[in-house]
Each structure stands twice: as C-alpha cells, then as structure tokens.
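Here the structure comes first, spelled out in structure tokens, and everything after it is commentary.
Whatever order the structure lists ligands and atoms in, that order sets their numbers, starting from 1.
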Amino acid sequence: MKIDLLDTLREKNPIAFNISNFVTVQDVANGINALGASPIMSEEKNEAEAMVKMCDSVTVNLGAFTESQLVQIDAVTTFANKYRKPIVIDPVAVGAVDYRKERCNELLDQIDVAVIRGNAGEIAALADVEWNAKGIDAGEGSADLETIAKTLAKKRDCVVVESGKTDIITDGNAVVRIFNNSDLFKLHVGSGDMLSSTIGCFCGVDDDYFEAAQTATAVFDVAGEVVAKSMKQPLAGSFGVQLIDELHLIDVKTVEKNANFE
Ligand SMILES: Nc1ncnc2c1ncn2[C@@H]1O[C@H](COP(=O)(O)OP(=O)(O)OP(=O)(O)O)[C@@H](O)[C@H]1O
Ligand SMILES: Cc1ncsc1CCO
Ligand SMILES: [Mg+2]
C-alpha cells in the first residue's frame, strides 16, 4: 500500500470537485479540506465544464439528487470523461430505492468511472445480487461480500470500495481488506460520504485508482480509530468534529503504525 501518497496529496493540494448532498456537504468539505485537498462544490450545470477543467477529480454523491440535478450530473460526468478527470461515485441507498438504482445504472452505462464506493447494500444492488438494504444503511444479506464487490468491479470495469466492518477494495481481480476497529463511524451520518470524497482526493493525485482507493480508505479508517481510542465513551457529535481534526493531524507514520490490512 502506498501510504506516503498522503504526503503527495498535501504537497499537491488537489482541487476536489464534489457534487454532494445537502445532508453532509459541510462535513465532506471540511473533512477533505482538513486532510489537505481543496474542495469545491457546485449544483449549476452552466459551470460544469469550467469546474471539471479546473479540478483534479470529481466525486458524485447520489444521496439526495433531484430530477434537474441529474442534468448537471450528466454534464459534469461527461466532461470529466472528456477531460480525463477521475470520477468517484457514491450510490447512496440504491439498494433501498429502485428509482435511485435505475438512475445510477443509467449513469454508469454512459460514463467511465474510476471508483464506486458504497456499503454492502449499495454494492450488492449495483451488482444485481440479492440483499436486504435498509435505507442509507447496508442492511443484511447472506451473499459473499468479496464476490459482490468483484462482480461490480468487473461489470463496471472500475475499482470498488465496499465499506463495512471490513472494507473490501478490489479492481475485480486483486482484493485488499482493511479491518476497522471503530464502530463509532456508524454514529456519524456521512462517514461514508466523507470516505468517498477522500477517495476522490487521492484519485486526483495518483492515476492508479486501486492504490489511491486503498490509501484513502486506510487513512480515513485510521483517523476514525485514533479518535475512537481517545474517547472515554462513545460520543456521536464529538466523533464527527474530532474526525475532521484528526484528518488534519494524521501523518504517514500514524497510518503505517495503525492500519490493519491484508
Ligand atoms: N460495523 C462497522 N465497524 C467498524 N467500522 C465500520 C462499520 N461499518 C462501517 N464502518 C466504517 O464506516 C465508514 C463508512 O462506511 P459505511 O459503510 O458506514 O458507509 P455508508 O453506509 O455509506 O455511511 P453513510 O451513509 O453514513 O455515509 C468506513 O470507514 C467503514 O470502514
Ligand atoms: C441521511 C441521508 N439522506 C440522504 S443522503 C444522507 C446522508 C448519507 O449519505
Ligand atoms: Mg452512504
């Protein structure tokens, strides 16, 4: 794993263009800003080309899109392919709402993406595997998590990050597992959105998206673990704030020492 990509990210300070959702946009912006990237958000289709030309990566979060925003998402992602900017997709709740799954699949049919990051319920839905997703949460299912992730990676010819207690990262062939010791992430709505955007930032500094996704996930997971360890009791509100603090403080040594992966 290329953990020192964290230093590269801080040297380059990549512009990370995010189409976010109104629930978590501020955590996403502050999280990746603290980490060392330069976030910019937009919902306006008329500036899509300028935004994409300027940025190093595009992260599209499908958490709360409207019909009119789909037009902007279309424009942004088409320009991103034209200007060769990596796209990260966060398919929020596609396992729970058919409308979302249909729109997301239409989008994936028409563009090339670098990474899809979702929980098991979301990745299973896009891989056409039986699963009981629960709203924005993973829900439950009995299918093999690695098989689901690999199926989607092959289907969409991209890297898949399937988050959960173990984060599974695959390019369709190789698999890296990152074990996460902090379940405080689940107390903070938008942990997943922040992870997806963090992956976007790293894809903006290394065009090996499999490596970029691994480093991003390891950095994010370790940041959460460091915060969790420092707390005497689980504090949901403080966790969100301190996670942003730790994304700023974290360094390569801390990730090397604490990342638990194989
Ligand atoms: N059971 C768990 N134990 C430990 N860590 C977890 C667990 N589930 C998820 N995580 C961690 O939480 C982070 C976000 O992943 P998660 O799967 O919760 O995304 P999500 O469902 O899209 O979240 P959200 O919808 O709140 O944005 C990841 O870093 C992941 O490692
Ligand atoms: C709670 C919620 N609803 C739509 S998006 C979102 C944030 C998690 O993605
Ligand atoms: Mg999510």
Side-chain angles (χ1 to χ4, degrees), residues 18-29 31-32 35 41 43 59-66 69 73 88-97 99-101 103-104 115-126 131-141 145 148-149 152 160-169 176-202 213-229 231 234 236-237 239-240 242-244 246-247 250 255 258-261:
N18 280 261
I19 297 178
S20 289
N21 67 61
F22 62 81
V23 184
T24 64
V25 58
Q26 197 145 16
D27 278 338
V28 167
I32 61 177
L35 182 68
M41 276 65 174
E43 298 186 357
T59 301
V60 179
N61 184 296
L62 298 173
F65 63 85
T66 58
Q69 212 182 345
I73 290 171
V88 176
I89 300 285
D90 186 328
V92 181
V94 292
V97 184
Y99 176 77
R100 288 179 181 224
K101 180 179 164 184
R103 298 295 83 73
C104 183
V115 182
I116 302 172
R117 197 296 310 171
N119 59 43
E122 293 157 351
I123 301 303
L126 297 180
W131 195 274
N132 287 315
K134 184 182 176 198
I136 63 163
D137 295 327
E140 294 188 350
L145 291 170
I148 299 171
L152 180 60
V160 167
V161 178
E162 184 183 52
S163 55
K165 186 162 178 52
T166 300
D167 294 321
I168 295 167
I169 305 162
V176 172
R177 302 162 199 88
I178 304 185
F179 307 101
N180 195 337
N181 282 321
S182 163
D183 52 11
L184 289 190
F185 277 118
K186 289 193 291 184
L187 285 179
H188 183 72
V189 170
S191 293
D193 300 358
M194 292 171 75
L195 172 59
S196 298
S197 299
T198 300
I199 294 168
C201 296
F202 279 94
Q214 290 171 43
T215 307
T217 307
V219 168
F220 190 77
D221 285 2
V222 170
E225 279 171 34
V226 169
V227 174
K229 261 190 223 158
M231 283 186 174
F239 177 76
Q242 289 183 42
L243 178 60
I244 293 172
E246 186 56 31
L247 287 169
I250 197 164
V255 183
N258 293 286
N260 186 2
F261 64 91

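The aromatic rings of Phe185 and Phe239 sit perpendicular to each other, their planes meeting at more than 60°, with 30° as the lower class boundary.
Here the closest heavy-atom approach between residue Gly31 and residue Leu247 is recorded as O-CD1, 3.8 Å. Shortest non-hydrogen contact noted between Ile136 and Val189 is CD1-CG1, 4.3 Å.
Closer than 4.0 angstrom to ligand 2 lie heavy atoms from Asn21, Val23, Thr24, Gly63, Val92, Ile136, Val189, Asp193. Listed as neighbours of ligand 1 are Arg117, Asn119, Ile136, Ser163, Gly164, Lys165, Asp167, Asn180, Ser182, Asp183, Phe185, Lys186, His188, Val189, Gly190, Ser191, Gly192, Asp193, Leu195, Phe220, Asp221, each bearing a heavy atom under 4.0 Å from the ligand.
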> Given the rule in the side chain to side chain contact (heavy atoms under 4.5 Å, CB included) test, do Val255 and Ile250 qualify, once you have shown the distances and angles that lead to the verdict?
Replying inline: CA-CA 7 Å; Val255 183; Ile250 197 164; 3.7 Å; yes
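Between the side chains of Thr24 and Asp27, no donor N or O sits under 3.5 Å from an acceptor N or O. Side chains of Asp167 and Thr217: no donor on one and acceptor on the other come within 3.5 Å.
Judged by distance alone, with hydrogens and angles left aside, the side-chain atoms of Arg100 form a donor-acceptor pair with the main-chain N or O of Val92 at under 3.5 Å.
With a 6.0 Å radius and a threshold of 12 heavy atoms from other residues, nucleotides or ligands, Gln69 has its CD atom above the threshold. Few gaps surround OH on Tyr99; more than 12 heavy atoms of other groups in view lie less than 6.0 Å from it.
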